[in-house]
Novice: 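Structure provided below as structure tokens; questions to follow.
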Amino acid sequence: MSYNPSEIESKWQKIWDEKGAFEPLDDQQLEKKYILSMFPFPSGRLHMGHVRNYSIGDAMARYYRKQNYNVLHPIGWDAFGMPAENAAIKHGRHPKDWTYSNIDYMRKELNALGLSFSKTREFATCDELYTKWEQSFIIKMFESKLLFRESTTVNWCEDCHTVLANEQVEEGCCWRCDNEVELKEMPGYYLDIVKYADELLEDLKELEGKWPTQVLGMQSNWIGKSQGLEFGFKLSTKSQEKLGGAFKSFEVFTTRPDTIYGVTYTALAPEHPIVKALIKAGLLADDVVEAIANIANMSEIERAKANKEGYDLGISVIHPLTGETIPVWTANFVLASYGGGAVMSVPTHDERDFEFAKQYNLPLKVVVDGGEEGSAYTGEGKLINSELFDGMKNVKAKAKIITYFEEQGLGKGTTNFKLRNWGISRQRYWGAPIPFVHCDACGLVAEKVENLPIALPEDVEITGEGNPLENHPTWKNCACPSCGKDAIRETDTLDTFVQSSWYQFRYATHPSKWETTGIDREDVNYWLGVDQYIGGIEHAILHLLYARFFTKVLRDLGFIENIKEPFENLLTQGMVLMDGSKMSKSKGNTVDPDGLIAKYGADTARLFTLFAAPPQKELEWNDSAVEGAFRFIKKLYDRKSKVTLNSLPTIEHSRLNKEEKLARAKVYEAVKKSTDVYEKTFAFNTLIASCMEALNALDKQKNEQVWSEGMYILLHLLEPITPHVCAELSEVLFNSENLAHKIKVLEEVFVQDTITLGVSVNGKRRGEIEVESGASKETILEQARASVAKWLENKSIVKEIVVPNKLVNLVIK
RNA sequence: GCGGAUGUGGUGAAAUUGGUAUACACGCCAGACUUAGGAUCUGGUGCUUCACGGCGUGGAGGUUCGAGUCCUCUCAUCCGCACCA
């Protein structure tokens with residue numbers, strides 16, 4: 001009978017379903033593995049990226065299950081988010097209905113791929129039960145002051161009609177819709193991730209060698225720790241008077257305290273309170289006010305692209321060490337949100353300051369030897385024009401000057417981070433409501449835990465205009481949890497990245513406890529950390545940073561213990577490409593997994609994805625290579641006729657002929673390779689190649705024992721990759737016995753009677769010899785010399801090198 | 001500018017970690033079986049040369065008996081961040 005994937009695959013999927021074959025066991029004494037692929041957004045259909053992600057994870061899960069590990073391999077749905085609302089706007093479908101029906105469809109698709117997920121632990125993040133516990137964490141964070149509400153300048157996407165976190169802005173545009181982000185002042189909720197910046201940075205060290213260096217680098221870059229000096233510039237008496245006594249000084253931050261004597265001006269961000277005060281008091285010329293307003297209205301990219309621009313504010317400060325009077329400017333390149341929104345400017349030793357100073361003819365003063373007035377010298381050197389620090393190496397002077405400022409009470413050494421607090425408010429409907437209430441009498445009040453979940457109202461109109469929760473006629477009216485008077489419910493919902501920040505703990509919590517607890521400490525202690533996490537590089541910062549942060553917060557709040565990092569090992573899989581570019585609907589270069597499975601079956605889809613490239617690399621789609629994968633499975637299936645023994649035979653290796661020995665060697669090479677691949681390199685492509693070689697070698701001999709052994713082992717090795725066909729053949733041929741235990745490597749099969757050695761002369765390959773496996777060095781050399789006699793004529797041999805089992809190299813002169 | 005990678009046949013990619021470069025697969029060529037094949041099987045396939053040979057892992061050096069692998073410099077491509085003081 002010829003290979004019929006659809007029949008075999010549906011048969012086994014049904015068997016696995018009925019047996020609950022992939023449920024983790026409750027016995028926490030067992031050795032465990034937690035294999036996790038990033039959960040999908042239920043967009044409606046799987047794409048090839050999912051197929052790749054889940055094929056990798058599934059191979060690992062199946063591998064460890066076969067090694068008798070207790071394996072947790074769950075799946076769920078990252079189910080809140082904009083697309084559900086967009087579908088509502090476009091097609092008039094309710095987001096909830098749209099989401100859950102997509103989940104139903106995609107669940108079937110996952111099943112058709114034969115993925116070995118636990119079914120009892122599946123959930124969607126929009127399940128009210130999930131929202132309930134998430135809201136309880138949020139309230140706890142509020143009580144612990146890790147969550148707060150404030151009004152500040154935020155990234156606003158007009159298209160999505162919502163605020164975005166810094167991590168969600170890519171080159172000034174919205175990560176989801178690519179619309180240019182505007183800056184806008186508005187209130188919102190924030191998580192104090194900056195408080196954890198140092199720990200998030202520090203713990204990256206523990207992930208070295210376990211996470212891709214690229215991801216570690218990106219995270220550490222994003223956190224952006226820098227150390228320096230923070231100090232105040234006192235405003236001149238005249239300037240203080242000008243400002244009506246409202247300001248005495250302003251703080252600046254510098255990483256170059258060594259250049260402190262080179263300060264010739266200072267610059268404030270256009271949003272700085274002093275600038276605002278000057279404008280309010282009418283102390284700036286109309287055209288300057290207008291220009292400042294223009295800058296403030298610019299988006300991030302516009303500002304980044306714009307030329308340097310600034311205005312003298314007509315006020316001055318006193319240099320803390322020299323007592324000199326220094327002008328204060330406002331400049332478009334000073335960021336409001338970093339280092340207090342003010343800088344000291346040393347044009348001779350900072351590129352930006354130099355450019356600006358040149359443009360506006362501001363004074364220059366060289367303070368590091370090696371510098372000159374014609375450019376900004378940022379290299380090392382001895383300090384000059386720096387009073388008591390003259391002659392000191394600038395690198396050393398940094399610390400000295402900080403100490404001096406501290407002694408004099410002028411300033412202090414500080415650490416600054418690029419990382420900003422995580423804005424978690426979204427002005428949208430399809431998300432978890434933020435469980436707070438605004439009360440005229442009590443202010444901002446957290447909802448009572450017993451009232452959770454605060455669920456979304458179902459009767460909403462989703463038009464794309466405004467916030468549907470705010471527009472809902474009654475939902476936001478409620479009683480204040482504190483005083484009982486009429487109050488208003490918060491209408492912002494949580495960023496969906498909040499849901500994906502703790503799902504790894506939810507899966508680990510036994511489903512029987514889901515009603516009564518959000519995260520079970522004991523279960524989490526057993527299952528976490530995730531032994532292998534697999535997902536796309538696009539989450540290098542976003543999700544992976546948030547989830548790391550959440551883990552630390554949940555630990556500090558006592559929800560989990562002993563866990564520093566959620567994801568022990570991380571594999572970031574490459575994109576699936578077609579004709580060199582990312583598959584996308586708009587380009588029309590997609591491959592539909594359903595169609596692929598219908599044509600070739602899930603096993604071929606899985607085999608191809610793992611064979612075409614190592615998982616970390618991009619995968620270029622190739623239809624005829626898919627055919628090749630299909631051919632291999634057909635061939636494997638066809639060779640079942642060669643198997644005559646239904647268990648692993650004991651073979652007397654020495655009695656075999658050359659081809660038979662070679663076939664066995666290839667088979668056991670694949671066994672060796674398999675451990676390496678599954679546990680270390682994940683280079684499934686090489687394991688599959690090794691299995692192909694083994695099958696090719698088996699084909700070159702006729703020994704029934706060797707065939708039976710070979711198939712027994714190959715089916716075992718390939719089961720995690722092509723589970724259906726392997727399960728089928730294993731059942732028919734070996735009563736599935738070959739899938740039930742680990743295969744031992746028989747070293748004896750690698751011992752050969754004769755060995756082929758390459759012969760090189762001066763490192764160039766000139767010949768080849770075949771010697772008895774136990775041949776002496778002399779014998780080998782004798783043969784080697786004879787084999788390349790031609791090259792040795794009229795030459796003398798200077799050195800002879802014999803590398804056992806590899807080659808001979810003769811060095812001649 | 002900063003950070004991280006990657007450069008090997010026509011293509012996707014291997015190389016036991018310093019030891020016979022191009023395994024495995026796709027494609028291509030030839031042949032077999034066929035009424036036919038876009039099915040299947042067999043063989044061939046780095047470049048160059050009539051040949052002996054020569055040349056070959058982005059490029060240039062170096063270490064070594066021996067380098068895709070180690071070192072120095074350099075070029076190209078890709079990704080992330082980017083006026084963070």
Side-chain angles (χ1 to χ4, degrees), chain A residues 170-172 212-222 224-226 228-229 252-256 259 266-267 300-301 303-308 331-335 337-346 349-353 355-356 416-420 537-538 540-541 574-575 577 608 611-614 616-629 631-632 634-635 638 669 672-673 676 683 685-696 699 756-768 790 798-812:
Chain A
E170 295 171 350
E171 290 180 22
T213 49
Q214 191 186 178
V215 175
L216 295 176
M218 284 167 76
Q219 291 223 351
S220 111
N221 247 332
W222 189 261
K225 180 177 180 169
S226 57
L229 170 70
V252 295
F253 172 74
T254 179
T255 55
R256 292 296 306 276
T259 62
T266 65
E300 277 189 21
I301 10 171
R303 257 198 242 194
K305 280 182 191 157
N307 290 327
K308 298 238 176 325
N332 64 343
F333 66 90
V334 182
L335 303 174
S337 51
Y338 186 82
V343 296
M344 67 173 216
S345 297
V346 185
H349 303 291
D350 181 285
E351 307 272 0
R352 291 159 305 191
D353 296 347
E355 196 187 321
F356 191 81
N416 248 316
F417 296 96
K418 274 159 73 173
L419 183 70
R420 312 288 161 74
I537 187 88
E538 65 272 19
I541 291 171
M575 282 191 301
L577 307 180
F608 171 74
F611 180 59
Q616 300 88 339
K617 258 188 116 163
E618 293 180 332
L619 185 157
E620 176 70 37
W621 196 262
N622 179 336
D623 285 329
S624 42
V626 175
E627 293 268 359
R631 262 200 300 273
F632 172 71
K634 274 199 292 189
K635 184 167 157 186
D638 174 72
E669 256 170 45
K672 260 192 180 168
K673 186 111 212 160
D676 214 39
N685 53 329
T686 63
L687 173 60
I688 295 164
S690 199
C691 290
M692 287 173 168
E693 278 188 70
L695 191 60
N696 290 346
D699 256 336
T756 307
L757 297 176
V759 182
S760 304
V761 177
N762 284 350
K764 281 206 171 111
R765 190 166 185 276
R766 297 300 186 190
E768 191 180 277
K790 179 181 158 190
V798 184
K799 202 169 178 181
E800 296 169 324
I801 292 137
V802 178
V803 183
N805 300 321
K806 304 275 183 194
L807 55 76
V808 178
N809 189 19
L810 304 175
V811 185
I812 59 170

Novice: Within this structure, what is the CE-to-P distance between A:Met692 and B:A14, rounded to whole angstrom?
Specialist: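 Interatomic distance, CE of A:Met692 to P of B:A14: 14 Å.
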Novice: For the side chain of A:Asn696, starting at C-beta, report the closest nucleotide among B:A25, B:C26, B:C81.
Specialist: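 So the side chain of A:Asn696 is nearest to B:A25.
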Novice: Considering only B:U20, B:A13, B:C26, which nucleotide approaches the side chain of A:Glu768 most closely?
Specialist: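 That would be B:U20.
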Novice: Measure from the side-chain heavy atoms of A:Val811 and tell me the nearest of B:G53, B:U20, B:C65.
Specialist: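 Shortest atom-to-atom distance from the side chain points to B:C65.
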Novice: What is the nucleic acid contact for A:Thr756, judged by heavy atoms within less than 4.0 Å: base, sugar-phosphate only, or nothing?
Specialist: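 Base contact.
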Novice: Contact class for A:Ala306 (heavy atom, under 4.0 Å): base, sugar-phosphate, or nothing?
Specialist: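 A:Ala306: base contact, heavy atoms under 4.0 Å.
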Novice: Base, sugar-phosphate, or nothing: which does A:Arg303 touch, judged by heavy atoms less than 4.0 Å apart?
Specialist: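 Base: the residue A:Arg303, judged by heavy atoms under 4.0 Å, touches a nucleobase.
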Novice: Figure out the CZ/P separation between A:Arg765 and B:U22, and round it to whole Å.
Specialist: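 Atom CZ in A:Arg765 sits about 8 Å away from atom P in B:U22.
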Novice: Using Watson-Crick or G-U wobble geometry with both distances under 3.5 Å, which nucleotide pairs with B:C28?
Specialist: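 Partner of B:C28: B:G44.
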Novice: Validate the cation-pi geometry between A:Lys308 and A:Phe333: distance from NZ or CZ to the six-membered ring centre under 6.0 Å, angle to the ring axis within 45°.
Specialist: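 Yes, A:Lys308 sits over the ring of A:Phe333.
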Novice: How is A:Gly628 classified with respect to the nucleic acid when contacts are heavy atoms under 4.0 Å: base, sugar-phosphate, or nothing?
Specialist: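 Contact class for A:Gly628: sugar-phosphate only.
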Novice: Roughly how many Å apart are B:G27 and B:A13, using the C1' atom of each and rounding to a whole number?
Specialist: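 B:A13 and B:G27 have their C1' atoms separated by 14 Å.
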Novice: Under 4.0 Å between a side-chain N or O of A:Thr686 and OP1 or OP2 of B:A23?
Specialist: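 So the side-chain polar atoms of A:Thr686 never come under 4.0 Å of the phosphate oxygens OP1 or OP2 of B:A23.
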Novice: What interatomic distance, in whole Å, is found between C1' of B:A60 and the corresponding atom of B:C65?
Specialist: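 Rounded to whole Å, the distance is 24 Å.
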Novice: Could you give the CZ-to-P distance, from A:Phe333 to B:A82, as a whole number of Å?
Specialist: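 In whole Å, B:A82 P lies 18 Å from A:Phe333 CZ.
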Novice: Quick one: look up who B:G9 pairs with, Watson-Crick or G-U, both distances under 3.5 Å, and put none if it's unpaired.
Specialist: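 Its partner is none (no Watson-Crick or G-U wobble pair with both distances under 3.5 Å).
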Novice: In the strands shown, is B:C81 matched to any nucleotide by a Watson-Crick or G-U wobble pair with both distances under 3.5 Å, and which?
Specialist: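 Looking at the geometry, B:C81 pairs with B:G1.
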Novice: Would you mind reading off the distance between A:Asp350 atom CG and B:C2 atom C1', rounded to a whole angstrom?
Specialist: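 Atom-to-atom, A:Asp350 to B:C2, this comes out as 15 Å.
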Novice: Under 3.5 Å for both donor-acceptor distances, Watson-Crick or wobble: does B:G66 have a partner, and if so which one?
Specialist: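 No nucleotide pairs with B:G66.
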Novice: Expressed in angstrom and rounded to an integer, what is the separation of A:Glu669 atom CD from B:A23 atom P?
Specialist: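 Distance, rounded to whole Å: 15 Å.
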Novice: Just checking A:Val334: base, sugar-phosphate only, or nothing, at a heavy-atom cut-off of under 4.0 Å?
Specialist: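 Result for A:Val334 = base.
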Novice: Considering non-hydrogen atoms only, spot the tightest contact between A:Ser345 and A:Asp353 and give its length.
Specialist: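 Smallest interatomic distance, heavy atoms only, reads CA-OD2, 3.2 Å.
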Novice: Which is true for A:Arg766 with a 4.0 Å heavy-atom rule: it touches a base, it touches only sugar-phosphate, or it touches nothing?
Specialist: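 Here A:Arg766 touches the backbone only, sparing every base.
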Novice: Does B:U22 fall in syn (glycosidic angle within 90° of 0) or anti?
Specialist: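 For B:U22, whose glycosidic angle is more than 90° from 0, the conformation is anti.
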Novice: For the side chain of A:Ser226, starting at C-beta, report the closest nucleotide among B:U40, B:C24, B:A85.
Specialist: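 Nucleotide nearest to A:Ser226's side chain: B:A85.
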Novice: Take atom CG of A:Asp353 and atom P of B:A85, then tell me their distance rounded to the nearest Å.
Specialist: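 Taking CG of A:Asp353 and P of B:A85, I get 12 Å after rounding.
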Novice: To the nearest 0.5 Å, what is the distance between CZ on A:Arg303 and CG on A:Leu335?
Specialist: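 Rounded to the nearest 0.5 Å, the CZ-CG separation comes out at 8.0 Å.
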Novice: Identify whether any heavy atom of A:Asp676 sits under 4.0 Å from a base atom; if not, whether one sits that close to sugar-phosphate; answer base, sugar-phosphate or nothing.
Specialist: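 Contact class for A:Asp676: none.
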Novice: If I take atom CG from residue A:Leu229 and atom CZ from residue A:Phe253, how far apart are they, to the nearest 0.5 angstrom?
Specialist: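 Atom-to-atom, A:Leu229:CG and A:Phe253:CZ are 8.5 Å apart.
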Novice: Which heavy atom of A:Gln214 sits nearest a heavy atom of A:Ile537, and at what distance?
Specialist: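 That closest heavy-atom pairing would be NE2-CD1, 3.7 Å.
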Novice: Could you check A:Thr255 against A:Gly767 and say which one's nearest nucleotide on RNA chain B is further toward the 5' end?
Specialist: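 Counting from the 5' end, the first nearest nucleotide belongs to A:Gly767.
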Novice: Measuring from atom OG of A:Ser690 to atom CG of A:Leu695, what distance do you get when rounded to the nearest 0.5 angstrom?
Specialist: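 With rounding to 0.5 Å, OG (A:Ser690) is 11.5 Å from CG (A:Leu695).
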Novice: Just to be sure I understand the rule, does A:Phe611 reach a base, reach only the sugar-phosphate, or reach nothing, if contact means heavy atoms closer than 4.0 Å?
Specialist: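 Since a base atom lies under 4.0 Å of A:Phe611, the category is base.
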Novice: Could you grab the distance from atom CD of A:Glu693 to atom OG1 of A:Thr686, nearest 0.5 Å is fine?
Specialist: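 Atom-to-atom, A:Glu693:CD and A:Thr686:OG1 are 10.5 Å apart.
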Novice: Across the strands shown, which category fits A:Lys308 at heavy-atom distances under 4.0 angstrom: base, sugar-phosphate, nothing?
Specialist: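 The residue A:Lys308 makes base contact.
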Novice: Check whether any side-chain nitrogen or oxygen of A:Lys764 sits under 4.0 Å from OP1 or OP2 of B:C55, and answer yes or no.
Specialist: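 The answer is yes; a side-chain N or O of A:Lys764 sits under 4.0 Å from OP1 or OP2.
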Novice: Look through every strand shown and name the nucleotide pairing with B:G37 as Watson-Crick or G-U wobble, where both distances are under 3.5 Å.
Specialist: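 In the structure as shown, B:G37 has no Watson-Crick or wobble partner.
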Novice: Could you work out which one of B:A13, B:G4, B:G80 sits closest to the side chain of A:Asn221?
Specialist: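 The answer is B:G80.
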Novice: C1' atom, B:U77 versus B:U42: distance in rounded Å?
Specialist: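 The answer is 41 Å between these two C1' atoms.
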Novice: Answer with base, sugar-phosphate or nothing: what part of the nucleic acid does A:Ala304 contact at a heavy-atom distance below 4.0 Å?
Specialist: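 Counting heavy atoms under 4.0 Å across all strands, the contact made by A:Ala304 includes a base.
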Novice: Nearest to the side chain of A:Thr213, which nucleotide is it out of B:C79, B:C65, B:A5?
Specialist: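 Looking only at heavy atoms from C-beta outward on A:Thr213, the closest nucleotide is B:A5.
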Novice: Does A:Lys305 reach a base, just sugar-phosphate, or nothing at all? Heavy atoms under 4.0 Å.
Specialist: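 No contact.
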Novice: Taking pairing as Watson-Crick or G-U wobble with both contacts under 3.5 Å, can you name the mate of B:A15, or confirm there isn't one?
Specialist: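 Here B:A15 is not engaged in any pair, so there is no nucleotide opposite it.
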Novice: Provide the distance between the two P atoms, one in B:G9 and one in B:G58, to the nearest whole Å.
Specialist: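 Between the two P atoms, the distance is 8 Å.
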Novice: Could you tell me whether A:Glu627 contacts a base, only the sugar-phosphate backbone, or nothing, with contacts defined as non-hydrogen atoms closer than 4.0 Å?
Specialist: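 It contacts nothing in the nucleic acid.
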Novice: Would you mind calling B:G9 syn or anti? Take O4'-C1'-N9-C4 for purines or O4'-C1'-N1-C2 for pyrimidines, and syn is within 90° of 0.
Specialist: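 Syn, since the glycosidic angle lies within 90° of 0.
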Novice: What's the separation between atom CG in A:Asn809 and atom CG in A:Leu807, rounded to the nearest 0.5 Å?
Specialist: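 Going from CG on A:Asn809 over to CG on A:Leu807, the span is 7.0 Å.
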Novice: Which is more 5' along RNA chain B, the nucleotide nearest A:Ser337 or the one nearest A:Pro614? Just name the residue.
Specialist: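 Taking each residue's closest nucleotide, the earlier one in sequence belongs to A:Pro614.
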Novice: Who does B:C50 pair with, Watson-Crick or G-U, both distances under 3.5 Å?
Specialist: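 Check on B:C50: unpaired, no WC or wobble geometry under 3.5 Å.
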Novice: If you check every side-chain atom of A:Lys634, which of B:C24, B:G27, B:U40 has the closest atom?
Specialist: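 For the A:Lys634 side chain, the nearest candidate turns out to be B:U40.
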Novice: Given the P atoms of B:C78 and B:G12, what is the spacing between them in whole Å?
Specialist: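 Rounded to whole Å, the distance is 16 Å.
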Novice: B:G19, OP1 or OP2 - any side-chain N/O from A:Lys806 closer than 4.0 Å?
Specialist: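 No, no such contact exists.
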Novice: Over all strands shown, is A:Asn685 touching base, sugar-phosphate only, or nothing at heavy-atom distances under 4.0 angstrom?
Specialist: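 The answer is sugar-phosphate, as A:Asn685 gets under 4.0 Å only of primed atoms, P, OP1 or OP2.
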Novice: With P as the reference atom in both, quote the distance from B:A15 to B:U22 in angstrom, rounded to an integer.
Specialist: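 So the two P atoms sit 13 Å from each other.
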Novice: Let's test this: given Watson-Crick or G-U wobble pairing with both distances under 3.5 Å, identify the partner of B:U72.
Specialist: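 Looking at the geometry, B:U72 pairs with B:A60.
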Novice: How many whole angstroms separate atom CG of A:Leu807 from atom P of B:C65?
Specialist: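 From A:Leu807 CG to B:C65 P: 15 Å.
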Novice: Determine yes or no for a side-chain-to-main-chain donor-acceptor pair under 3.5 angstrom, with A:Asn416 supplying the side chain and A:Ser226 the backbone.
Specialist: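 Not a single qualifying donor-acceptor pair exists.
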Novice: Using the P atom as the point on both nucleotides, what is the distance between B:U45 and B:G38, in whole Å?
Specialist: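 Taking atom P in both B:G38 and B:U45, they lie 24 Å apart.
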Novice: Are any side-chain N or O atoms of A:Arg420 and backbone N or O atoms of A:Lys418, one a donor and one an acceptor, separated by less than 3.5 Å?
Specialist: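 Checked: pair present.
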Novice: With rounding to the closest Å, how many angstrom separate the P atoms on B:C2 and B:U74?
Specialist: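 My reading of the P atoms in B:C2 and B:U74 gives 13 Å.
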Novice: Measure the distance from NZ on A:Lys617 to P on B:C78 and round it to the nearest whole Å.
Specialist: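 Taking atom P of B:C78 as the reference, NZ of A:Lys617 is at 15 Å.
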Novice: Output yes when at least one side-chain N/O atom of A:Asn809 is less than 4.0 Å from OP1 or OP2 of B:U20, else no.
Specialist: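 Answer no for this pair, as no side-chain N or O of A:Asn809 is under 4.0 Å from OP1 or OP2.
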